[in-house]
Each structure stands twice: as structure tokens, then as C-alpha cells.
Novice: 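Before anything else, here's the structure in question.
All chains are named by letter (A, B, ...) in the order of the sequence lines, taking the proteins before the strands, and each is independently numbered beginning at 1.
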There are 2 protein chains.
Amino acid sequence: MKRASTSRGPRPGSIARVDGVNYADLGQHLGYALKRAQIASFEAFSRATAGEQITPPRFTALVILSGNPGISQTVLGEALGTARSGAMMLADWLEQRGLAERRHRDDDGRAWGLFLTAKGETLLRDLKRKVKRHDKLFAARLKPAEHSELLRLLAKLAG
Amino acid sequence: MKRASTSRGPRPGSIARVDGVNYADLGQHLGYALKRAQIASFEAFSRATAGEQITPPRFTALVILSGNPGISQTVLGEALGTARSGAMMLADWLEQRGLAERRHRDDDGRAWGLFLTAKGETLLRDLKRKVKRHDKLFAARLKPAEHSELLRLLAKLAG
DNA sequence: GCAAATTGTAATGATATATAACAATCGCCG
DNA sequence: CGGCGATTGTTATATATCATTACAATTTGC
């Protein structure tokens, strides 16, 4: 459906810094700082994946499928932090575009295993490259040491 | 409406690390790391504001209103990164609980100025204290120096 | 075998938020 | 002064995401 982008002002959700507005000590709040950074990162992601209809959850699903061939939809949902039904819709979406497929499982008649197709693998490789490049571009404001330090701190924070 | 919280497994959206799942190099992606950290932070925020129906955008709106008395709804929307209609609903919500009020503007017959009420100021003071305390608690995994370094890097990243 | 739990699925609902349309008002420019 | 475009607040509508609930098929444990 492609985002319209006909809007004039700052892109929705961008939390732009507006001139003349006093933001008080908002920057001291971890949550606010994280949100702002995440939005900036999301914009970089969008630029990287322009054209394709890839969202962060879809990208994550591709990565996890690639690293865990035959994973069940329930486990995929847990890994993504969504309800089973959410994993379902993701799987449907991937399947419809021929990026993944469901295969019957021998050991369990209820469950289906999810597998990336060759097309899915190819797309993922391409996406990873683009995302990494844009990540680097986007994080160019940081020195390399700062970049890795940030990743370390975020991981530590997320526990 | 208060979240149901009847769910059994990991809280939706938590992106829990699931045993036996291979996450590949997901942790190297800034966007993923940010999201995970933000979710953890959001949970801390929810704990801090349990009882009240305060969401991060509402909290941000309170802070901005406090620092910018008489701000217009359009500017508030820009500062929050939402469409005007979103700022509208936020203002409605705040007004309904007596936390803010709209006052006519002398200089512009179309625009309304937004002001925190005394009740709003009081609530904000209380919230700030709680949020700050939980932020610290939540960020306890980081050393104080790391905490401030993280804030600095995030701000630098968000530009 | 049979009850309970699990899996995938479908239908529904909630929520947040963007988009579009509209009236009132302002500001500019002739 | 008059009119036209832009802006503000507002409302209604659409959309996207995601949880919740219910259900059939199947597995597992007793």
C-alpha cells in the first residue's frame, strides 16, 4: 500500500524538534531518548527498504526463519513477542509473496514448519546488506567506537 | 480500559529471548537493539505509572504543556510528531480529566491556547518523580557513567 | 482410551493514528 | 475595503497493527 508521503510537514511520528518549543528535561528520560532514536532508526530502515513492503517485524521474521528452519509458528510468535495470531499473519504474508513456505511436520500432525524459500533467502541477503549500509550511514553521527558502545549498552539495558 | 493482563506467556510485545532460538546477528542491528531496549523501558514506565492511565505520549504532552503554556494544538502536534488530529484527541483527553484547559486567544480567533491546570501540574510533578525513580531502577544494570553515556549517544543519534 | 493441553486457524474487537473534508478565521494583495 | 489562499480546530473515516476469543484437529499424559 506504500505510505502516501503527500504530507507537507515533518513525517508523522518523527517527533521533530520544533523551534521555539521548550522540551524541558525530556531528554533526560530514557524512554523519550530511546523513542526518538528508534524513530530516527526506523526512518533509516524505511529508506533502506524503500520499494519493498518490509517492516521491522517482517525483517526480524525473515532473519529468525533463516536461522531456525522449520520453526513452528508458535515459537516464532514468542520470539517476535507477538501472539500466535500475529505470527500467523506474518507467515501468511511471507507465504503469499513466496518468501516462505509451510511444510508438514512428521513428528506433529498439528504443527507446520516454516522455511524460507530460495527467494526469501535471496531477499534477506539483499535486505541485510541494505539495512546494514543504512544503519552505518544513519549512525555516522557516532564514531565507530561509540556505535559499538551504544549497541553494548542497549543490549545490557534490554537484559 | 486498563490492559487485561490475563495472558499467560510473555507480555505481548516483549520480544522475549526464547531458549533454543537462533537470533543470528539481529543484535548487531541498531533498530532491533533500540526496539528491545525501548520495550524494556516502556515496561518500566508502565510500572511507574500503574493505576493512572498515562501513556508515554500523554506524559510527553504534559511536559511540553508545562514548559510551553498557551501552546497551540498544531504546534503541540508537531512537537509530538503526530498529526493535528492526534494532538486534538490528546488535548481532549487531558481536558476531560481536568489536567489541562483550552483558553481563547486574543491574537487569533481560530486558535486556542493550551494550559495545564493546577491539577495537571501536580500530577506532572508526581509523575516525573515516579518516572525518574523507575528509570533509575530500570537502568540499574548500567553504571551511572554508562547511563549518562547512553543518553548522550541516543541524543547524538537522534540528531 | 480419555481428558487436558497444544497447534494452527479464523473471526472479532480494541487501539492508535493518519487522512480527508469542512467551517471559522486570519493575512495578504490588489 | 474585498476577496482569496492559508491556517486552526474539529469531525468523520479509513487503515494498520495486534490482542482476544473460540474452535477443530492432534498430541500427550494418565
Side-chain angles (χ1 to χ4, degrees), chain A residues 1-15 35 39 42 46 53-61 70-96 100-114, chain B residues 1-15 35 39 42 46 53-61 70-96 100-114:
Chain A
M1 203 56 64
K2 193 74 106 32
R3 167 156 274 128
S5 126
T6 58
S7 63
R8 205 68 41 149
R11 190 170 276 88
S14 66
I15 307 202
K35 175 122 206 176
I39 286 170
F42 175 75
S46 297
Q53 298 179 315
I54 295 296
T55 60
R58 285 171 188 163
F59 176 73
T60 304
I71 193 176
S72 78
Q73 303 183 52
T74 297
V75 175
L76 175 64
E78 286 173 9
L80 291 169
T82 84
R84 283 202 309 287
S85 60
M88 257 288 307
M89 299 191 310
L90 263 173
D92 284 349
W93 190 89
L94 294 172
E95 201 179 46
Q96 277 165 23
E101 57 186 16
R102 294 170 162 96
R103 290 190 213 149
H104 272 297
R105 271 202 183 178
D106 297 343
D107 59 327
D108 193 329
R110 301 164 297 179
W112 298 74
L114 293 174
Chain B
M1 202 54 68
K2 194 73 108 31
R3 169 157 269 126
S5 127
T6 57
S7 63
R8 206 69 41 148
R11 190 170 278 88
S14 67
I15 307 200
K35 176 122 205 173
I39 287 170
F42 176 75
S46 296
Q53 297 178 316
I54 294 296
T55 61
R58 285 171 188 165
F59 176 72
T60 304
I71 194 176
S72 78
Q73 301 183 49
T74 297
V75 175
L76 175 63
E78 286 172 9
L80 292 170
T82 83
R84 282 202 307 289
S85 59
M88 257 289 310
M89 297 191 313
L90 262 174
D92 283 349
W93 190 90
L94 293 173
E95 201 179 46
Q96 276 165 23
E101 57 185 17
R102 294 170 161 95
R103 291 191 212 149
H104 272 296
R105 269 203 185 180
D106 297 344
D107 59 327
D108 192 330
R110 302 164 297 180
W112 297 74
L114 293 175

Novice: Between the two end axes of the helix from dG1(C)-dC30(D) to dG30(C)-dC1(D), each built from 5 base pairs, what angle do you get to the nearest 10°?
Specialist: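 Roughly 20° between the end axes, to the nearest 10°.
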
Novice: Using a cut-off of 4.0 Å on non-hydrogen atoms, how would the nucleic acid contact of Gly109(A) be classed: base, sugar-phosphate, or nothing?
Specialist: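 Sugar-phosphate: the residue Gly109(A), judged by heavy atoms under 4.0 Å, touches backbone atoms but no base.
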
Novice: Donor-acceptor check, side chain of Arg84(A) to backbone of Glu78(A), threshold 3.5 angstrom: yes or no?
Specialist: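 Not a single qualifying donor-acceptor pair exists.
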
Novice: How many whole angstroms separate atom CZ of Arg105(A) from atom P of dT6(C)?
Specialist: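 Those two atoms, CZ and P, are 15 Å apart.
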
Novice: So, under a plain 3.5 Å distance rule, would you say the side chain of Ser85(B) forms a donor-acceptor pair with the base of dT19(C)?
Specialist: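 Donor-acceptor pair under 3.5 Å: yes.
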
Novice: Supply the atom-to-atom distance Thr55(B) OG1 to Trp93(B) CH2, rounded to the nearest 0.5 angstrom.
Specialist: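 The CH2 atom of Trp93(B) is 7.0 Å from OG1 of Thr55(B), to the nearest 0.5 Å.
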
Novice: To the nearest 0.5 Å, what is the distance between CE on Met88(B) and CD on Gln73(B)?
Specialist: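 Reported to 0.5 Å precision, the distance equals 6.0 Å.
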
Novice: How long is the straight-line distance from CG of Leu94(B) back to CG of Leu90(B), given to the nearest 0.5 Å?
Specialist: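 Output value for this atom pair is 6.0 Å.
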
Novice: Between atom OG of Ser46(B) and atom CD1 of Ile54(B), what is the distance when rounded to the nearest 0.5 Å?
Specialist: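 Spacing of OG (Ser46(B)) from CD1 (Ile54(B)) equals 11.5 Å.
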
Novice: Would you mind reading off the distance between Ile54(B) atom CD1 and dA16(C) atom P, rounded to a whole angstrom?
Specialist: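 It is 12 Å, rounded to the nearest whole Å.
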
Novice: Would you mind reading off the distance between His104(A) atom NE2 and dT7(C) atom C1', rounded to a whole angstrom?
Specialist: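 Rounded to whole Å, this separation is 13 Å.
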
Novice: Show the distances under 3.5 angstrom between N or O atoms of the protein and N or O atoms of nucleotides 6-8 of chain D.
Specialist:
unit_1 : atom_1 : unit_2    : atom_2 : d
dT7(D) : O2     : Arg110(B) : NH1    : 2.4

Novice: As an exercise, state the distance from CZ of Arg102(B) to OG of Ser72(B), rounded to the nearest 0.5 Å.
Specialist: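 Result: 11.5 Å between the selected atoms.
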
Novice: Could you tell me whether the side chains of Arg58(B) and Gln53(B) share a donor-acceptor contact shorter than 3.5 Å?
Specialist: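 Result is no, nothing qualifies.
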
Novice: Taking only heavy atoms on the protein side, list every residue of residues 88-96 of chain B lying under 4.0 Å from any atom of DNA chain C, sorted numerically.
Specialist: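 By residue number: Met89(B).
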
Novice: Closest heavy-atom contact between Ala61(A) and Leu80(A)?
Specialist: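 Minimum heavy-atom separation between Ala61(A) and Leu80(A): N-CD2, 4.1 Å.
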
Novice: State whether Arg102(A) places a side-chain N or O below 4.0 Å from either non-bridging phosphate oxygen (OP1 or OP2) of dT9(C).
Specialist: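 So the side-chain polar atoms of Arg102(A) do come within 4.0 Å of the phosphate oxygens OP1 or OP2 of dT9(C), strictly under.
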
Novice: How many whole angstroms separate atom CG of Asp107(A) from atom P of dT6(C)?
Specialist: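 That distance rounds to 16 Å.
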
Novice: Expressed in angstrom and rounded to an integer, what is the separation of Glu101(A) atom CD from dG8(C) atom C1'?
Specialist: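 For the pair Glu101(A) CD and dG8(C) C1', the rounded distance is 17 Å.
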
Novice: Minimum heavy-atom separation for Ala87(A) to Thr82(A), with atom names?
Specialist: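 Heavy atoms of Ala87(A) and Thr82(A) come nearest at N-OG1, 3.6 Å.
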
Novice: CD1 of Ile71(A) versus P of dT6(C): gap in Å, rounded?
Specialist: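 Distance check: Ile71(A) CD1 to dT6(C) P gives 18 Å.
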
Novice: Going from CD on Glu95(B) to CH2 on Trp112(B), what distance comes out if it is rounded to the nearest 0.5 angstrom?
Specialist: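 Spacing of CD (Glu95(B)) from CH2 (Trp112(B)) equals 8.0 Å.
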
